[in-house]
Amino acid sequence: MRQWSRRTAWEACVGERVVVIGADAAGMSAAHQALRTAKARGRTLEVVVLERTDHTSYSACGIPYWIAGDVPAPDRLVARTAAGHRALGVDLRLGTSAVALDVAARRVTATSQDGTTTHLGYDHLVLATGAHPRVPGWALDASGGWIPGVRVVKTLDDGAAWVEQVTRDRRPARAVVVGGGYIGVETAEAFVRRGLPTTLVTRGEVMGTLDPDMGARVRQAMTAGGVEVVAGAEVDGVETRADGSVAAVRSAGDVIPADVVALGLGVTPATELAKDAGLPLGAFGGVLPDARQQVGDGVWGVGDCCEAIERLEGNRVYVPLGTHANKQGRVAGENLAGGSATFGGVLGTAITQFSAGGSHVEVGRTGPTTAQARAWGGKVASLVTESTTAAGYMPQASPVAVKVLARPDGRLIGMQIVGGPGSAKRIDTAAAALWFHAHLDDVAGMDLSYAPTFSPVWDPVQIASRRLADRLD
Ligand SMILES: Cc1cc2nc3c(=O)[nH]c(=O)nc-3n(C[C@H](O)[C@H](O)[C@H](O)COP(=O)(O)OP(=O)(O)OC[C@H]3O[C@@H](n4cnc5c(N)ncnc54)[C@H](O)[C@@H]3O)c2cc1C
């Protein structure tokens with residue numbers, strides 16, 4: 001066993017050491033950007049990445065499409081293999097958990113699967129520990145294991161378990177998805193496409209990151225696609241068979257039969273190590289990096305373990321998405337290796353879809369919801385506009401609803417889109433406008449593309465912005 005307190009003289013000769021905890025999107029982005037930046041500056045950097053599991057750099061975002069059968073095998077979800085990382089100079093240690101941090105001594109204690117304990121000194125530490133899925137007590141048996149048939153949709157191992165369920169000879173007869181966020185919606189899509197009768201139970205409206213009137217449109221599309229949606233209800237328990245496997249979920253006295261139950265109840269930042277090390281955490285329980293992704297002296301935080309600054313009004317938010325994890329990792333890697341980069345903040349831009357049972361609905365959102373914007377203070381004006389995704393006379397034109405949110409002075413603060421094929425990615429126009437603090441008139445007057453096959457002459461985003469601007473005049 002090697003024991004390090006600080007860096008040895010020999011280590012100092014070969015350059016600084018970076019220890020990254022967590023080898024997925026955020027951690028590996030930081031690791032490679034650190035190496036690239038150091039190389040460009042003629043510096044030598046040793047980058048050690050500790051990863052508890054046997055997996056690295058995979059797209060969790062693709063797991064619902066693996067369950068649905070679009071992605072044939074999990075290796076297709078792996079952006080870079082462990083061998084690929086090592087070939088590029090990263091000392092990647094899979095099956096190795098960081099179990100303690102001493103930020104004053106700049107030391108991490110790690111244990112590997114064979115029980116070996118190692119103490120690693122570092123010059124820079126990157127916390128990229130991700131998030132824990134929310135798991136209610138009723139989902140677990142007396143020993144803390146999953147009730148057979150109940151599981152989250154989070155990791156490649158979860159994905160493999162779900163693929164096994166939906167492809168086995170004696171497939172489940174009924175599925176229940178608990179949670180109506182994007183993971184719940186995408187999992188319900190996967191189950192329906194696998195021919196599984198599916199009920200989705202959600203506490204509020206489907207897609208709680210939308211205003212309820214827009215979420216209701218998603219619910220209607222899911223219902224049209226064959227999902228039984230129970231909105232405004234909470235699952236408070238399960239019923240099990242004699243063999244211990246799930247037979248039903250209970251919700252306020254109702255019993256909904258279920259052979260499998262997928263949980264999509266959101267995540268919380270995985271910050272136990274940071275907390276035990278005395279690093280400050282925010283109201284959402286996340287690490288609190290500055291715009292350079294720095295948490296403290298020699299400590300950096302990236303990805304789902306972090307809270308972030310919302311770009312419009314500077315509020316602290318927790319928006320755990322892969323898009324931020326990659327960018328934040330890059331920023332931290334650049335800075336710790338002597339470069340200069342800042343993370344510009346989050347708008348909460350996100351897209352998803354439900355496409356099954358003959359129903360296709362796309363969802364895009366950016367900026368706060370009406371409720372969030374009010375909670376942040378100030379009045380909110382909003383308008384829902386119905387238009388089409390292509391010129392109305394084209395066969396592919398499908399309905400799209402755009403809800404635009406603005407402050408009374410016309411400053412755009414958010415947009416939500418629910419509609420047919422070609423709807424969701426339009427949200428990026430609004431996100432770009434928000435990024436540069438645009439007003440409704442700016443959006444209405446932007447030089448956006450037009451051809452009948454793609455859009456009405458006025459893009460739906462512009463129609464919505466113009467109409468709300470007219471009302472505010
Ligand atoms: C089903 C699903 C669909 C998604 N779809 C989208 C999408 O469409 N768009 C989008 O932007 N985002 C999506 N996301 C979110 C996205 O996957 C996450 O935001 C992203 O993976 C976060 O990356 P991360 O590196 O911060 O954390 P993670 O991916 O959680 O990685 C953290 C890593 O740290 C490791 N670790 C934790 N603690 C320790 C320790 N003590 N020692 C060693 N290792 C440790 C973990 O094992 C893990 O591998 C989706 C997520 C899921 C689950």
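We count ligands from 1, going down the list as the structure has it; atoms in each ligand are counted the same way. These values consider heavy atoms only, across backbone and side chains, with no hydrogens, waters or symmetry-generated copies.
Judged by distance alone, the side chains of T56 and E51 never bring a donor and an acceptor atom under 3.5 Å apart. Side-chain polar atoms of Q33 and T37 form a donor-acceptor pair below 3.5 angstrom. With hydrogens and angles left out, the side-chain atoms of T155 and H55 include no donor and acceptor closer than 3.5 Å. With no hydrogens or angles considered, a side-chain donor-acceptor pair links T109 and H119 at under 3.5 Å. Judged purely by distance below 3.5 Å, without hydrogens or angles, the side chains of T389 and S398 pair a donor atom with an acceptor atom.
Between D158 and R151, at least one side-chain nitrogen of the basic residue sits less than 4.0 Å from a carboxylate oxygen of the acidic one, meeting the salt-bridge criterion. By the 4.0 Å N-to-carboxylate-O rule, E189 lies close enough to R193 to be salt-bridged with it.
With respect to atom 28 (P) of ligand 1, the closest heavy atom belonging to the protein is D24 OD2, 3.8 Å. Looking at atom 43 (C) of ligand 1, its nearest protein heavy atom turns out to be R52 N, 3.2 Å. For atom 6 (C) of ligand 1, the nearest protein heavy atom (residue, atom name, distance) is C61 SG, 3.0 Å. Nearest protein heavy-atom neighbour of atom 27 (O) of ligand 1: G130 CA, 3.3 Å. Among all protein heavy atoms, the one lying closest to atom 52 (C) of ligand 1 is I183 CD1, 3.5 Å.
Which parts of ligand 1 touch K154 is read off a 4.0 Å heavy-atom cut-off, strictly below it: atoms 30 (O), 53 (C). Numbered from 1 in the order shown, with element, the atoms of ligand 1 that lie under 4.0 Å from a heavy atom of T53 read 47 (O). When each atom of ligand 1 is checked for a heavy atom of A325 under 4.0 Å away, the hits are 22 (C), 23 (O), 26 (O). Those atoms of ligand 1 with a heavy atom of T323 less than 4.0 angstrom away are 11 (O). Atoms of ligand 1 lying under 4.0 Å from any heavy atom of A25, numbered from 1 in the order shown and given with element: 23 (O), 25 (O). Heavy-atom contacts of L321 reach the following atoms of ligand 1: 10 (C), 11 (O), 12 (N), 19 (O) (cutoff under 4.0 Å).
A distance of 10.0 Å separates CD in Q328 from CG in L321, rounded to the nearest 0.5 Å. Taking OG from S57 and CG from L77, the interatomic distance works out to 12.0 Å, rounded to the nearest 0.5 Å. Put simply, CG on L263 and CZ on R134 are 12.5 Å apart, with the number rounded to the nearest 0.5 Å.
In terms of polar-atom proximity, V302 is not counted as a contact of ligand 1, lacking any N or O under 3.5 Å from an N or O of the ligand. When only interatomic distances are considered, the shortest N/O to N/O separation between A26 and ligand 1 falls below 3.5 Å. Considering backbone and side-chain N/O of G303, none are found under 3.5 Å from N/O of ligand 1. By the 3.5 Å distance cut-off applied to N or O atoms, A98 is counted among the residues near ligand 1. For ligand 1, the polar-atom distance check finds no N/O of E186 at less than 3.5 Å from any of the ligand's N/O atoms. Polar contact check, Y182 against ligand 1: a nitrogen or oxygen pair lies under 3.5 Å apart. Distances between N or O atoms of S97 and those of ligand 1 include no value under 3.5 Å. The shortest N/O to N/O separation between H55 and ligand 1 does not fall below 3.5 Å.
The residue from L273, D158, D304, L127 that puts a heavy atom closest to atom 22 (C) of ligand 1 is D304. Nearest-heavy-atom check against atom 49 (O) of ligand 1 across Q353, E51, M28 picks out E51.
Counting heavy-atom neighbours within 6.0 Å of R76 CZ, excluding the residue itself, gives a total of 12 or less. The environment of CZ in R36 is crowded: more than 12 heavy-atom neighbours from other residues, nucleotides or ligands sit within 6.0 Å.
Residue contacts with ligand 1 for T96 involve N, CA, C or O but no side-chain atom from C-beta outward (heavy atoms, distance under 4.0 Å). Contacts between L50 and ligand 1, counted as non-hydrogen atom pairs separated by less than 4.0 Å, involve the backbone only. With a heavy-atom cut-off of 4.0 Å, I21 touches ligand 1 through its side chain alone. Within the 4.0 Å heavy-atom criterion, the part of A128 lying near ligand 1 is the backbone and not the side chain.
Between H324 and F343, the ring-plane angle classifies as perpendicular under the 30° and 60° cut-offs.
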Mind listing the side-chain donor-acceptor pairs of residues 174-186 below 3.5 Å, one per line with the distance, residues two or more places apart or on another chain?
{"unit_1": "R174", "atom_1": "NH2", "unit_2": "T199", "atom_2": "OG1", "d": "2.8"}
{"unit_1": "E186", "atom_1": "OE2", "unit_2": "T352", "atom_2": "OG1", "d": "2.5"}

Exercise. Taking it one step at a time, do D211 and E205 satisfy side-chain contact (heavy atoms from CB on, under 4.5 Å)?
Worked result: CA-CA 9 Å; D211 283 3; E205 185 49 271; over 6 Å; no
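Using a 4.0 Å cutoff on heavy atoms, P320 counts as a contact of ligand 1.
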